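Worksheet: the structure to be examined is printed underneath.
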Amino acid sequence: MSQVTTAAATKPSTAQPKREGGRYVLGWVLHNVVWIWLIALVIFFGLFNQFFFTTFNLQNIMVQATVLGMIGLAVALPLLVAEIDLSLPANLGFSSAIGALAYSDLGLPWFIAMLVGVAVATAIGFFNGLCITKLRMVSLIQTLSMMIILQGALLALTQGRTLTNLPDGYVWIGQAAIGGWPIMPVIFVVALILVAVILRRTVLGRSIYAVGGNPVASNSAGIRVDRIKIITYTIAGFLAGVGGFLLGSWQMAITSNQGSSYLLYAIAAPIIGGVSVFGGRGNVVGVLGGVMLLTVIQVGLAIVSVPSFYVGMIGGVMIFIAVAIDAIRVRYFA
Amino acid sequence: MTASSAAQPDQDPFILKVENLTKRYGATVALSDVSLSIRRGTIHGLLGENGAGKSTLVGLISGQRVPTEGAIFLDGAPIANVDVKAMEKAGVFLVTQEPMIIDHATAAENLMLGIWPSKNGFVNWRKLRDDAARMLEGTHIDPQALAGRLDAVARRKLNILRAMFGGGKVIILDEPTAALTVEDRAQLFAFMRQLKAQGVTFIFISHYNDEILEICDACSVLRDGVLAGGTEDVGSLTSEQLSELVLGRGLALFQRERRTFADEAPVVRVRNVENGHLAIPEFDLHAGEIVGFTGLPGAGAKELARALFGLVPSQGSIALEGQATRPLPADPRAAFDMGIAFLSDDRRRDGNIASMSIGENISLSSLAAVATSGFLKPEAEKALSQRYFQAMGIKAPSPATVVDKLSGGNQQKVCLGRVLATNPRLLILDEPTRGIDVGVKQDVLRIIDGLSKSGVSVIIVSTDTDEIVRAVDRVCIFENGAIRVQLSGEAITSERLRQGAEANA
Ligand SMILES: Nc1ncnc2c1ncn2[C@@H]1O[C@H](COP(=O)(O)OP(=O)(O)OP(=O)(O)O)[C@@H](O)[C@H]1O
Ligand SMILES: [Mg+2]
């Protein structure tokens, strides 16, 4: 800010810089709270049980983070345009079952069958986008009903059984390892980078942030808001489809409620990572942080042999603390 | 209005005092060591350039924000750790610079927000409706209309009326008159004088010298967050002196050299525009011509501007030179593609994306121009943003600053920058200098003048007669959805414009 010559000299105060500095550090800490919390928990769990730092366990964390990561990334996209898609975990389960059945019942080659599954997931995303833009359905309710439909459809499709008739090619990616390290997380990393590039480097990404920030102004600025929302939902559906394939491949099975257990964690991960439920704010690095944090909490609690009756509650409290700290940051340091 | 405020002889003559008030946002000093006293029962003007700290100061006084340092005294009692609700209870009402409206509530509910007539915790809806109807008398606003459907001026009036009827002893108006019509202003000023006679004190922020001179008793000037001057006797000043006080230098007012286009062929031909509010059989514009649209709210000026940009579905056709005659654009994207750009009169609602940076906002309507096959070119985008950041004289550390953190006038400049960056052939500006200070206003008018010289046709919708007189070649005065009067050349005078459509030319 330019200093004006006529301005009276302001009182010099020596105590000021120190206080501002302290505040700055606190602001920085709160800003990166997800990562600091993550590191703290890793150290904590590691000290508690040496097993936490074993290669096997770290590999386990990476694999677990992959599926949650794919679905968390998918959930983040509609959030960025100030909408929500609750049907993504159900979409993940349903579409993977379609892929598996296309192999086992229709006799398609496994790769084509897998693509059919991903295509179905993408189409469901597209359809959700159409409903909330062209029909002006409220996304919370529309995707909630879609979730129930898809969960029901999965149950009907599998008749309550678990699909285990998966070809070798299909399950390969979930099991493959190079020098003992699983390669499934590579897919997640690729997805992360792709979404990051879309959001940061493309007209589409910029439009997504604009629409989430202020849809009315975006329209006046020449952005076709409905189109952007539909594309966003479609990409989210695609990511869920890929996540469904990875989950099926890794577990070598598709249960009659595949994916459903991810719902709350999938929504919590991006929000913990700083994606605003009001739209327009958040980035891929934050989503990654949220995903890693939740995965470490899950795996860590299992390892330190907390009695299983308490796992849910303690995990919930840890998430609560992360969200509360973030809320304090927004309240006092934004 | 409250009985207790009847002047007692030994009362402190100053109802409000601020002492050594400082407000910092991180490294930004918005207000620095400001001390000020406001005399009971006066109208105190607050002036200063965009970003000088006016809104910040009144935000601190009204409990909207918390000062970094300093103290505020109301009626001699220090106020600290208060919020807006507590200050309203203490009798201090603020009308914020940007409309504060709940879109899905009715006009009546918005008027009564937080001051609902209630009994035992239940809202007395009948009284609410009756009170609202009384407050809205003579404003043409339907108390039951959804606030989200009202135009910017009506939304503004809701905020002002709420404060004026709130029974406060100090009422702060942050640029209340921006975009109000001549009559609205007169009405507001009459109301202010009436309340002042009852002992109410006002703080009045405005960038219009004539308003300050007309209504204020005393005034203070802020410059870069510092109290730079003021007077207890506004009446002794001229408009030029006031500008000098604000800017710290003399001001050269801009005046366009008006042109006539009688023997040139028009480059924009608009035909048979019709929608619920409009019936315009014919409207032409020439290359490099600047036309002013005025009229009462709802008369058609804003409506035609929005229809031409595809914001209101309308019948009709438009032909730009070198293009075939086409229906009016169906949406803003189509309009931009035809070379038509539009600046809205409500920057908060449909001007800026407040959560994005200045640079991202400036390039938002020209993304195709700074991208190849969908991928942004960072250097090209940066160059574009930087260019308009400088051209508009936006006061911020850099184009990376988030728009939310800018002062109102600087947000307006960002909007204007985005619209200009699209390189339009037809530029439609609805209240372009709303909230912009006297100095920058001349710069903006100069920029528009320069664009017209490069062949751009411009429409300026404005209620500011002075601006119209200075900037345009021709004026269209609207009434009942039609262009009633057209003036050009010498005929364009402030006096004539103030008469409106009634006095036929
Ligand atoms: N939340 C914020 N964070 C950072 N800086 C801010 C914030 N709010 C205001 N500022 C800065 O404080 C300064 C004063 O702003 P203020 O809104 O008080 O100006 P103003 O005098 O009301 O200007 P205008 O005439 O444009 O409305 C500006 O430089 C602005 O950028
Ligand atoms: Mg202001």
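Below, read A as the first sequence line, B as the second, and so on, with proteins coming before strands; counting in each chain starts at 1. Bear in mind that the values here come from a model prediction, so they are computed numbers and not experimental data.
Closest non-hydrogen pair, I353(B) versus A210(A), comes out as CD1-O, 3.6 Å. Scanning both residues, A217(A) and N352(B), for their nearest heavy atoms gives CB-O, 3.5 Å. Closest heavy-atom contact between R224(A) and D331(B): NE-OD2, 2.7 Å. Across every non-hydrogen atom of A221(A) and S365(B), the tightest pair is O-OG, 2.7 Å.
Only the side chain of A371(B) comes within less than 4.5 Å of a heavy atom in chain A; its backbone stays farther off. The part of F309(B) that comes within reach of chain A is its side chain, from C-beta onward, which places non-hydrogen atoms under 4.5 angstrom from that chain. Contact annotation for V197(A): only side-chain heavy atoms (C-beta onward) come within less than 4.5 Å of a heavy atom of chain B.
In this structure, the side chains of I223(A) and L364(B) come closer than 4.5 Å at one or more pairs of heavy atoms.
Close approach to chain B, defined as a heavy atom under 4.5 Å from one of its heavy atoms, is seen in no residue of residues 122-135 of chain A.
D103(B) pairs by the salt bridge (Lys or Arg N to Asp or Glu O under 4.0 Å) definition with R155(B), not counting sequence neighbours.
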Name the atoms and distances for all side-chain donor-acceptor pairs under 3.5 Å in residues 265-292 of chain A, with sequence neighbours left out.
from	atom 1	to	atom 2	distance (Å)
S276(A)	OG	F278(A)	N	2.9
N283(A)	OD1	V285(A)	N	3.2
N283(A)	OD1	G286(A)	N	2.9

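A side chain to side chain donor-acceptor pair (under 3.5 Å) check over residues 373-382 of chain B, counting only residues at least two apart or in different chains, returns the pairs R206(A)-E381(B), S363(B)-E381(B).
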